[in-house]
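Worksheet: one structure, shown below.
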Amino acid sequence: QVQLVEAGGGLVQAGGSLRLSCGCSGRTFSSFVVGWFRQAPGKKREFVTAINQSGALTLYADSVKGRFTISRDNAKNMVYLQMNSLKPEDTAVYSCAAGVPSMWRGSVRDTEYGYWGQGTQVTVSS
């Protein structure tokens, strides 16, 4: 069984930074692609970023490219999301997910992930 737990959300002013973490239980963590998705009230869940098993490959949504950085530490079963230059439109519940997408480019689709965390709220005030 794989369990994911996010931490690090909170309230921050526009232009500020937050660092989210995603901890994973289970010895198979290094075999998973890990993605971050977010969902704002009244909106569909959207892809934010993903990192492959070794950490060598990353994908970013255009809306966060250059501001967010995903990284992972397989020895600690952790994935991190550093969010800089936050904007009010980044306000959402952020969830991490683990899976094995059939193709790397498929990592943008939430249907490719079988395990999800409970989510952490990020609120950016203007």
Worksheet entry | Heavy atoms of other groups near Lys65 NZ, more than 12 under 6.0 Å |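 Yes - once you tally the heavy atoms of other residues, nucleotides and ligands closer than 6.0 Å, there are more than 12.
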Discussion item. Can you confirm whether more than 12 heavy atoms, excluding those of Glu89, are under 6.0 Å from its CD atom?
Written reply: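 Atom CD in Glu89 is crowded, with more than 12 foreign heavy atoms closer than 6.0 Å.
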Fill in: Ion pair Lys87/Asp90, N-O distance below 4.0 Å
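Looking at Asp90 together with Lys87, the answer is no, because their closest N to O distance does not fall below 4.0 Å.
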Side-chain ([X]) to main-chain ([Y]) donor-acceptor, under 3.5 angstrom:
X: Tyr113; Y: Ser107; answer: yes
X: Thr91; Y: Val124; answer: yes
X: Glu6; Y: Gly119; answer: yes
X: Asn74; Y: Asn77; answer: no
X: Ser25; Y: Val2; answer: no
X: Gln13; Y: Ser125; answer: no

At what distance, to the nearest 0.5 angstrom, does [atom1] of [X] lie from [atom2] of [Y]?
X: Met78; Y: Cys24; atom1: CE; atom2: SG; answer: 10.0 Å
X: Leu59; Y: Thr49; atom1: CG; atom2: OG1; answer: 7.0 Å
X: Asp110; Y: Trp116; atom1: CG; atom2: CH2; answer: 5.0 Å
X: Arg38; Y: Phe47; atom1: CZ; atom2: CZ; answer: 11.0 Å
X: Gln82; Y: Ile70; atom1: CD; atom2: CD1; answer: 12.0 Å

Closest heavy-atom pair and its distance - [X], [Y]:
X: Ala92; Y: Ala40; value: CB-N, 3.8 Å
X: Val48; Y: Val64; value: O-CG2, 3.6 Å
X: Leu81; Y: Trp36; value: CB-NE1, 3.7 Å
X: Val34; Y: Phe29; value: CG2-CE1, 3.9 Å
X: Thr28; Y: Ser31; value: O-OG, 2.5 Å

Check whether any side-chain heavy atom of [X] sits under 4.5 Å from a side-chain heavy atom of [Y], and report yes or no.
X: Ser102; Y: Glu112; answer: yes
X: Leu86; Y: Phe68; answer: yes
X: Gln121; Y: Leu11; answer: no
X: Thr69; Y: Tyr60; answer: yes
X: Lys76; Y: Ser21; answer: no
X: Met83; Y: Leu20; answer: yes
X: Gln53; Y: Val33; answer: yes
X: Val12; Y: Ser17; answer: no

Worksheet item: Can the positive tip of Arg72 be found less than 6.0 Å from the middle of the six-membered ring of Phe32, inside 45° of the ring normal?
Response: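 The answer is no; the distance or angle limit is not met.
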Worksheet entry | Same apolar cluster (I L V M F W Y, side chains within < 4.5 Å links), Val108/Phe37 |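 Yes, it is one cluster - the side chains of Val108 and Phe37 are joined through contacts under 4.5 Å.
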Discussion item. Taking Val100 as the starting point, is it possible to reach Ile51 by hopping between hydrophobic residues whose side chains are less than 4.5 Å apart?
Written reply: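 No, it is not one cluster - the side chains of Ile51 and Val100 are not joined through contacts under 4.5 Å.
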